[in-house]
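Everything quoted here is computed from the prediction, not taken from an experiment.
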Amino acid sequence: MKQKQIPKLTLNDHLQSLHVLMGFSLFGILLVNVISFHSPSSYYNPYEWWQYGDLNIYIWLDIIVQGSFYPIIALVFGYGLVLMMEHASKKGISFYRISVRRLMVLLLIGGAHAFLVWYGDILVVYAFLGLFMLLFLRLRGHILLGIGIGLYFFSQMGIGMYLLLLTLFDTTSIADFTNIAALQQSMEIYSNGTFLEITAQRFVDWSLQNGSDGLLLNLLMTLPLMMIGAGAAKLSWLQRVNVQKKKWFIILLIALPIGVAAKLFPLFTELSFSYQYIQDAIGGPFLGVAYLAAIVLIMTNQFVLKLFQPLSSIGRMSVTIYLMQSIFGTLIFYSYGLGLYGQVSMGTGIWLAVALFVIQVLFAEIWFSRFNQGPLEKLLTLMTNGKNKLH
């Protein structure tokens, strides 16, 4: 009796799936980031800042989008590292040497982005964590999955319990959180400051998000997700999706209700930091995994795969698209651009984000009709790979 052959996809097929997931995530990231582009979101309580229709939009965005797309990017990042390692091995290229150079260049690009464009940069964090990931890539798939899931689960349970205890013995809630002095300073500088003054404020805002606490949270949240993605790549989860649909469907059925329940939980309780943390640290990743599983399943249909081609184009030039979003977003709202900071509603900000993403889709499609790589992706290749084609 002949053993049933498991259909294998090519490297390009793997990358197309990852590119679609990345493109989808970049849209979600933009919808969240645009709030920080046009308002001092680091310093206010959104449930007091936004009123009426804008508050309703924020709540829905908080449930459906907030915290649910960075996990997909982290999973895809880990998956992509393994694919590149395997591809480099087949071509006889030193993967670790090239990867270190690539991540260092990404770190420099992220630093320029954070301090010269927008303080909410994630490239610095991903480059730093990527260097950590290189230490684990030789582990087997099941071990990577186990470490990633275990580290994420136990760390988040610990942090959640700690915050819950603080809530029980401290009457301070998220509704009390508004830093008036910092809020007024942020509003004034981004609305009327010079480029140098805004650069100084960017450093203050970046430091607030990326201090020792921020670094610890990324090590306990983002790094485990990268490990899970790398473990899934070692086990060829995307490559075997056509014969493992049941597994993906089970993942969807488990992740979706947990994600939705955790996301909705704070709305039916007091707005405490512990409940908000549960919403973002538990609900966000579970809902993100549900989105990922749903996309992977529907992409097994060739017609749907063709429909997702524009998202694939966005994903192929993800670094370029990500930086473009920040550049155009800050030019629209900061004082050295159109100066609309603090002057637009939540709804207007969302529509501007949608319009920008549509423009980016058109740009990506036109670009790839002439070139094989995005502009920053080409720069990364030249600065790290040289003549070696590790992509």
In short, Gln16 meets Ser312 closest at the heavy-atom pair CG-OG, 3.7 Å
Measuring only between side-chain heavy atoms, which start at C-beta, is Trp237 closer than 4.5 Å to Leu145? yes
Going by the angle between their ring planes, with limits at 30° and 60°, are Tyr44 and Trp49 parallel, tilted or perpendicular?
parallel
- Query: Do the ring planes of Tyr126 and Phe77 sit parallel (below 30°), tilted (30 to 60°) or perpendicular (above 60°)?
  - Reply: perpendicular
If you count every heavy atom of other residues, nucleotides or ligands that lies below 6.0 Å from Phe328 atom CZ, does the total exceed 12? no
For this session: Check whether more than 12 heavy atoms from other residues, nucleotides or ligands sit under 6.0 Å from atom CZ of Phe132, and answer yes or no.
Result: no
Review point. With a 3.5 Å cut-off and no angle check, do the side chains of Gln309 and Lys306 form a donor-acceptor pair?
Key: no
Examine the side chains of Ser36 and Ser41 and answer whether a donor and an acceptor come within less than 3.5 Å of each other.
-> yes
Taking Tyr47's backbone N and O only, do any of them form a donor-acceptor pair with Gln51's side chain (distance below 3.5 Å, no angle check)?
no
In short, Leu134 meets Tyr96 closest at the heavy-atom pair O-CE2, 3.2 Å
Taking side chain as C-beta onward, heavy atoms only, is Leu26 less than 4.5 Å from Tyr322? yes
- prompt: Going by distance alone, is a donor N or O of one side chain under 3.5 Å from an acceptor N or O of the other, for Asn192 and Tyr341?
  reply: no
* Check for a donor-acceptor pair, side chain of Ser236 on one end and backbone N or O of Gln239 on the other, with a separation under 3.5 Å. => no
Are Phe333 and His38 close enough that their ring centers fall under 6.0 Å? yes
CZ (Phe203) with more than 12 external heavy atoms under 6.0 Å
no
Closer than 3.5 angstrom, by distance alone: can the side chain of Gln209 be matched with the main-chain N or O of Gly120 as a donor-acceptor pair? no
message = Heavy-atom count check: over 12 atoms from other residues, nucleotides or ligands less than 6.0 Å from Phe154 CZ?
response = no
Side chains of Thr381 and Arg102: closer than 4.5 Å at any heavy-atom pair?
yes
Spell out, as yes or no, whether a donor-acceptor pair under 3.5 Å connects the side chain of Ser25 to the backbone of Leu21. yes
inquiry  = A side-chain contact here means heavy atoms from C-beta on lying under 4.5 Å apart; do Trp60 and Val65 qualify?
reply    = no
With a cut-off of under 6.0 Å to the ring centre and 45° to the axis, is Arg202 in cation-pi contact with Phe195? yes
So, the side chain of Ser89 versus the backbone of Met85: is there a donor-acceptor pair under 3.5 Å, distance only? no
In the structure I gave you, are the side-chain heavy atoms of Arg138 and Leu144 within less than 4.5 Å of one another anywhere? no
Centroid separation Tyr119 to Trp206 less than 6.0 Å: no
Heavy-atom closest pair (Ile64 atom, Tyr291 atom, distance to 0.1 Å) is O-OH, 2.7 Å
Smallest heavy-atom separation, Ser335 atom then Ser191 atom, equals CB-O, 3.0 Å
Original post:
Do the non-hydrogen side-chain atoms of Ile109 and Leu380 ever get within less than 4.5 Å of each other?
Top reply: yes
(Q) Between Phe37 and Tyr334 (judged by ring centroids, cut-off 6.0 Å), do the two rings come close enough to count as a pair? (A) no
- Message: For Asn301, is the CG atom crowded, meaning more than 12 foreign heavy atoms sit under 6.0 Å from it?
- Response: yes
Next item on the list: Might you work through the side chain to side chain donor-acceptor pair (under 3.5 Å) test for Asp280 and Tyr70, ending with a clear yes or no?
Entry: CA-CA 11 Å; Asp280 291 338; Tyr70 88 85; over 6 Å; no
Subject >> Test item: Pro224 and Ile149 side chains (from C-beta on) under 4.5 Å apart, heavy atoms >> reply: no
Using only atom types and a distance under 3.5 Å, with no angle test, would you say the side chain of Gln279 pairs donor to acceptor with the backbone of Ala262? no
Next on the checklist: Under 3.5 Å, is there a donor on one side chain and an acceptor on the other for Glu377 and Thr320?
Outcome noted: yes
In terms of heavy-atom contacts, Ala88 and Phe95 come closest through CB-CB, 3.7 Å
Side chain of Lys234, backbone of Gly229: donor and acceptor closer than 3.5 Å? no
On a heavy-atom basis, the closest approach of Leu238 and Trp248 is CD2-CZ2, 4.2 Å
When you compare the side chain of Pro285 with that of Gln156, does any pair of heavy atoms fall below 4.5 Å?
no
